[in-house]
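Accompanying notes for the structure given below.
These values consider heavy atoms only, across backbone and side chains, with no hydrogens, waters or symmetry-generated copies. Sequence positions, counted from 1, serve as the residue numbers for this chain.
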Amino acid sequence: MKKVFIILIVACTFSSVFAQSDESNIISISAHKVVYFSDYAKPIVEKKINEWQVKDEFEKTADWQKRVNETTRAAKIKELTQQCEKDYLAKYTATLKPNVSLAGFYDADNEVFLLSDPVFGNMIVAVPISEARAFKQNWSSVQLTPQYFIENDVLALASLDIYFPQQNKHYTYSNQASLKYEQAQVDYNFNPIEIAASTSSSTSKGQQTIGEKKITVGKSQVDLTIPETNASNANTFVVIIANENYKSVASVPFALNDGRILAKYCQRTLGIPAANIKVHENATYNDMRLAIAWLKNVCDKYEGEASVIFYYAGHGIPDASDKSAYLLPVDGDGRYVATGYKLDELYDKLGAMPTKSVTVLLDACFSGANRDGKMLASERGVALKSRPGQPKGNMVVFSAAQGDETALPNEAEGHGMFTYYVLKKLQDTKGDVTLRDLSSYVIREVGRTSAVINKPQTPSITPASAVADTWQTWKLR
C-alpha cells in the first residue's frame with residue numbers, strides 16, 4: 001500500500017499581506033514604514049482643494065461659480081487623487097524590493113513554479129517544462145522587477161518581471177493570472193491514505209480604483225486611529241447600508257462616512273473578514289432587499305453558527321395611519337411609505353434566520369424629520385411618534401432616537417451622533433466590550449451631548465423576548 005500527500009494551491013489573483021505597527025496609520029513592509037494611502041492623500045488633497053476653491057480677489061463671481069461647483073470640484077478631487085496615487089507609489093516603492101524564493105518542487109503537469117515572498121505571500125508562475133530545469137538552476141542570478149498598485153488602501157504587488165540575464169529570458173508573475181499548482185509525493189511505507197490540503201487564493205482586480213471616497217474621511221480621531229487587533233470573527237457577517245444622497249428628499253449628512261468607518265472597525269478591530277462585510281452606499285429598495293437575501297443565504301448555509309451585524313444610517317419615516325416605521329431607500333419618497341422598507345419586515349426576516357445572534361444598529365429616526373430637524377415631507381409640519389416594532393428571534397436592536405426625536409449629526413466629528421459614540425467605544429475598548437457596556441455608554445453620551453445643544457436624543461435598546469436575559473453579555477468581537 002502507499003501513502004499519498006497532496007498539496008493543492010489554486011491562485012486566481014493576489015492580495016498583499018502586511019504587518020501592522022503600533023500606529024494605526026503606519027504599515028510595515030519588511031523594514032519599510034508606509035502610511036495608508038488615504039492618510040497620505042487626504043491632507044494633500046484637502047490643502048490643494050481649499051486653495052483652489054477660494055474666490056480670487058480679481059475674479060468675477062460668475063467666473064468663480066463656473067470654475068468652482070460640485071462637478072468641477074469632484075473632477076479636481078479625482079485629478080489630485082490620481083496624482084497622489086502616482087506620488088505615493090513613487091515614494092514608497094523606490095527602494096522596496098521583493099524577497100522572493102522558490103517554494104516546493106516544479107509542478108510538471110501544470111508547468112508552473114510556486115514562489116514565495118515573506119510579505120506578499122505565494123505566487124504561481126508559468127514556466128514551460130522545457131525551460132523549468134534551467135529556471136531552477138539559475139535562480140541565484142535572477143533579477144526581479146516588481147510593479148505595485150494600491151489595493152484596500154495599501155500597497156499590493158500587481159506583477160513581477162523575472163529576468164535571467166545569462167539566458168536573456170523573461171517570465172512574468174501577474175496577480176490576474178488563473179493558475180493551479182499541485183504537488184504529489186508518494187511514500188510506500190504506510191498503509192492508510194491521508195490527504196492534507198492547503199489552499200491559498202485571493203481576489204484582486206489589479207485596478208487602481210482609489211477615488212474620492214478614500215479621501216473624504218472626516219478629521220475625527222475615531223476615523224484616524226482605528227485599533228488593529230488579533231481578533232478572528234470568521235462566522236460574523238455584516239450588512240452596512242449608508243444612505244446619504246437621496247433623489248427626492250434632503251441628504252443625510254455624514255451617512256456615507258458613518259458606513260465606511262464602521263466597515264473599517266469591523267475588519268480591523270472586530271476581526272471580521274473583508275468578504276463577510278457588505279457595504280451598500282446610497283442603497284435603492286432593491287439593493288436593500290438583495291442585502292437581506294445575501295444574509296439569509298449565508299445564515300442558512302452556516303446552520304445556526306453565524307452571527308449578524310446589521311447597520312443602517314439614513315432616513316426613516318412613519319406611516320401616519322398606524323405609526324409603523326420604515327427605512328427609506330435613496331429612490332424612495334418621504335411622502336409615500338410604500339416606497340420604503342418596513343421595519344417590521346426587516347425584523348421578521350432577520351429574526352427568522354438561523355443565527356447565534358443578530359445585532360441591529362439604526363442611526364435613523366422615524367418621526368419624519370431629517371438630521372437637521374426639518375421635516376422630510378413639506379406638508380407634514382409635526383413630527384410623529386412612530387411605533388418602533390418588535391425584534392424577533394435572537395435579535396437586539398440599538399436605535400439612535402425614540403418617539404418624535406431626531407437622530408442628530410455630530411458635525412464636529414463628521415458622523416451621526418449615535419454612530420460616533422458607537423465607534424468611540426469600539427476605539428477605546430479595541431472592540432472588547434459587552435453590548436451592556438456599549439449601550440450604557442452610547443445612551444449616556446448621546447443624551448449628554450444632545451442636552452447641551454437643547455435637542456434631546458435618547459437612544460434605546462430593544463431585545464427580542466428570546467434573548468432578553470442574555471444579550472447584555474454579547475460582544476461584537
* **D107 and N110: side chain donor to acceptor below 3.5 Å** => yes
* **Test applied, side-chain contact (heavy atoms from CB on, under 4.5 Å); reference residue, L160; option that passes from D117, V100, T172** => V100
* Derivation and outcome, side chain to side chain contact (heavy atoms under 4.5 Å, CB included), residues S159 and N175 -> CA-CA 6 Å; S159 64; N175 72 335; over 6 Å; no
* Asked: Tell me, do I77 and L80 make a side-chain contact under 4.5 Å, heavy atoms counted?
  -> no
* Asked: Looking at residues at least two apart in the chain, or sitting in another chain, which of them share a ring-ring contact (aromatic ring centres under 6.0 Å, His included) with W139?
  -> F135
* **Approximate separation, where rounding is to 0.5 Å, of I309 CD1 and L270 CG** => 6.0 Å
* More than 12 heavy atoms of other residues, nucleotides or ligands under 6.0 Å from CZ of R133: is that the case? -> no
* Structure fact -> Of all heavy-atom pairs linking A242 and G259, the shortest is CB-CA, 4.0 Å
* Asked: Salt bridge or not for R448 and E445, using N-O below 4.0 Å?
  -> yes
* **Ion pair E281/R260, N-O distance below 4.0 Å** => yes
* Mind running side chain to side chain contact (heavy atoms under 4.5 Å, CB included) on T81 and F37 for me, showing each step along the way? => CA-CA 10 Å; T81 303; F37 173 71; 4.1 Å; yes
* Do T72 and N69 have side-chain N/O donor and acceptor atoms under 3.5 Å apart? -> yes
* Asked: Counting distance only, does the side-chain N/O of S439 pair as donor-acceptor with the main-chain N or O of R436 below 3.5 Å?
  -> yes
* Is there side-chain contact between I124 and L115, with at least one heavy-atom pair below 4.5 Å? -> no
* What about the rings of F254 and H415, do their centers lie closer together than 6.0 Å? -> no
* To do: Show the numbers, then the answer: is there a side-chain hydrogen bond (donor to acceptor under 3.5 Å, both in side chains) between N243 and H315?
  => CA-CA 8 Å; N243 285 354; H315 284 311; over 6 Å; no
* Asked: Is the shortest distance from a Lys or Arg side-chain nitrogen in E59 or K55 to a carboxylate oxygen in the other one below 4.0 Å?
  -> no
* **Closest non-hydrogen atom pair, A407 against A401** => N-CB, 4.2 Å
* To do: Please state whether the rings of Y106 and F113 are parallel, tilted or perpendicular, taking 30° and 60° as the class boundaries.
  => tilted
* Asked: Just by distance, with hydrogens left out, do D87 and Q83 show a side-chain donor and acceptor under 3.5 Å apart?
  -> yes
* To do: Indicate the atoms forming the closest heavy-atom contact of M395 with W474, along with that distance.
  => N-CH2, 4.4 Å
* Atom CG in L350, atom NZ in K296: separation rounded to 0.5 Å? -> 12.0 Å
* T269 (side chain) donor-acceptor with P227 (main chain) under 3.5 angstrom -> yes
* To do: Look up atom CG in N152 and atom CD1 in I150, then write down how far apart they are to the nearest 0.5 Å.
  => 11.5 Å
* Asked: Are F398 and F418 near enough that their ring centres are under 6.0 Å apart?
  -> no
* K47 atom NZ: more than 12 heavy-atom contacts under 6.0 Å -> no
* Sub-4.5 Å side-chain heavy-atom contact between V396 and I461 -> yes
* In Å, rounded to the nearest 0.5 Å, how long is the span from CG of L476 to OG1 of T236? -> 8.5 Å
* Go through the steps for E70 and R73 under the test salt bridge (Lys or Arg N to Asp or Glu O under 4.0 Å), then give the verdict. => CA-CA 5 Å; E70 290 294 333; R73 190 175 187 273; 5.8 Å; no
* Looking only at non-hydrogen atoms, find the nearest pair between P165 and S141 and report the distance. => CD-O, 3.5 Å
* Structure fact -> Nearest heavy-atom approach of A263 to V279 is CB-CG2, 3.7 Å
* Do L102 and K136 come within less than 4.5 Å of each other through their side chains, counting heavy atoms only? -> yes
* Asked: Is K169 positioned over the aromatic face of F164, cation under 6.0 angstrom from the ring centre and no more than 45 degrees off axis?
  -> no
* **E51/K48 ion pair, N-O < 4.0 Å** => no
* **Verdict with reasoning, T449 to Y420, per side-chain hydrogen bond (donor to acceptor under 3.5 Å, both in side chains)** => CA-CA 11 Å; T449 304; Y420 169 73; over 6 Å; no
* Can T419 and Y311 be said to form a side chain to side chain contact (heavy atoms under 4.5 Å, CB included), step by step? -> CA-CA 10 Å; T419 297; Y311 172 86; 2.6 Å; yes
* Side-chain donor-acceptor pair under 3.5 Å between Y302 and T355, yes or no? -> no
* If you measure only the distance, is there a donor-acceptor pair under 3.5 Å linking the side chains of D153 and S38? -> yes
* Asked: Is NZ or CZ of R289 both nearer than 6.0 Å to the six-membered ring centre of W294 and within 45° of the ring axis?
  -> no
* Do T145 and I162 come close enough that some side-chain heavy atom pair is under 4.5 Å? -> no
* Taking the side chain as C-beta and beyond, is there a heavy-atom pair between I272 and Q267 under 4.5 Å? -> no
* Decide if the gap between the ring center of Y92 and the ring center of Y88 is smaller than 6.0 angstrom. => yes
* Asked: Do V422 and Y441 come within less than 4.5 Å of each other through their side chains, counting heavy atoms only?
  -> no
* Asked: side chain to side chain contact (heavy atoms under 4.5 Å, CB included) between Y285 and T339: does it pass, once the steps are laid out?
  -> CA-CA 8 Å; Y285 181 78; T339 64; over 6 Å; no
* Structure fact -> Nearest heavy-atom contact between P329 and T284 is CB-C, 3.5 Å
* Asked: Does a donor on one side chain and an acceptor on the other come within less than 3.5 Å for N245 and S251?
  -> no
* Is a side-chain donor-acceptor pair under 3.5 Å present for D223 with S220? -> no
* Give a yes-or-no answer on whether the side chains of Y181 and N122 include a donor-acceptor pair shorter than 3.5 Å. => no
* Asked: Which residue, D437, L438, V433, forms the side-chain contact (heavy atoms from CB on, under 4.5 Å) with L435?
  -> L438
* Before giving the answer on side-chain hydrogen bond (donor to acceptor under 3.5 Å, both in side chains), spell out for Y163 and N168 the whole-Å C-alpha distance, their side-chain angles and the decisive distance to 0.1 Å. => CA-CA 7 Å; Y163 176 58; N168 192 27; 3.0 Å; yes
* **Flag, side chain of E46 to backbone of A41, donor-acceptor distance under 3.5 Å** => no
* **Within-4.5 Å side-chain heavy-atom neighbours: F310 and I241** => yes
* Asked: So, K424 and D428, do they make that salt bridge, N to O below 4.0 Å?
  -> yes
